[in-house]
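Accompanying notes for the structure given below.
Any value given below was found using the heavy atoms of this structure, including those in side chains, with hydrogens, waters and symmetry copies removed.
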Amino acid sequence: MEAAGAQLSSWMGLALRQAELALEHDDVPVGAVVVHSTTGEVVATAHNARERDHDPTAHAELIALRTAADRVGSWRLTDYTLVATLEPCPMCAGAVWAARIGRLIFGAPDAKAGAAGTLYNFATDPRLNHDTEVVAGVRAQECGELLTSFFRSRRSG
């Protein structure tokens, strides 16, 4: 179990590095990584790019899922894990469902838009035809501090 926790922490570290890249173009620092659930192979990395791309759908999770599907050659990502620094919003949680992601790991919960357990739960909604295992709170403090620092700097500047 300890080795599994170290692996989750390592994957979240990759997502955190992606989140920091979003700061270079004044985007909310959210990062995402898609890994093969069995082998641990990283197939996609991404960070928020809404400001840079002028695209309201350019969330880290969506970009990572698109890239992963392209690299894997299938929209069905059942054997893959999405790792995100922030709990997915409804749009991203819907994409997780649509991609049939097998497992979602996130860091910080999102009290304003969280759709993987906080406000909504697309991952286990019995009305939907696919369930996703959710592991919440991996390196949550670190993920949350990155976001808090970003928004604090915007309010004071």
Those residues that, when tested against Phe122, pass ring-ring contact (aromatic ring centres under 6.0 Å, His included) (two or more places apart): none
Under 3.5 Å side-chain donor-acceptor pair for His36 and Glu41: no
Distance-only polar pair, side chains of Asp70 and Thr67, donor-acceptor under 3.5 Å: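 Looking only at side-chain atoms, Thr67 and Asp70 do not form any donor-acceptor pair under 3.5 Å.
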May I ask you to decide if [Y]'s main-chain N or O and [X]'s side chain share a donor-acceptor pair within less than 3.5 Å?
X     : Y      : answer
Gln18 : Ala32  : no
Asn48 : Val28  : yes
Glu87 : Thr118 : yes
Thr85 : Leu16  : no
His59 : Leu62  : no
His47 : Leu23  : no

Glu142/Arg139 salt bridge by N-O under 4.0 Å criterion: yes
NZ/NE/NH1/NH2 to OD/OE distance under 4.0 Å, Asp26 and Arg154: yes
Side chain to side chain donor-acceptor pair (under 3.5 Å) partners of Asp125, counting only residues at least two apart: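 Asp125 satisfies side chain to side chain donor-acceptor pair (under 3.5 Å) with Arg127 once adjacent residues are dropped.
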Test side chain to side chain donor-acceptor pair (under 3.5 Å) applied to Glu24 - qualifying residues, sequence neighbours left out: none
Cluster check Val135, Tyr120: I/L/V/M/F/W/Y, side chain < 4.5 angstrom: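 As far as the 4.5 Å side-chain criterion goes, Tyr120 and Val135 are not connected within one cluster.
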Closest non-hydrogen atom pair between Val138 and Leu8, with its separation: CG1-O, 3.8 Å
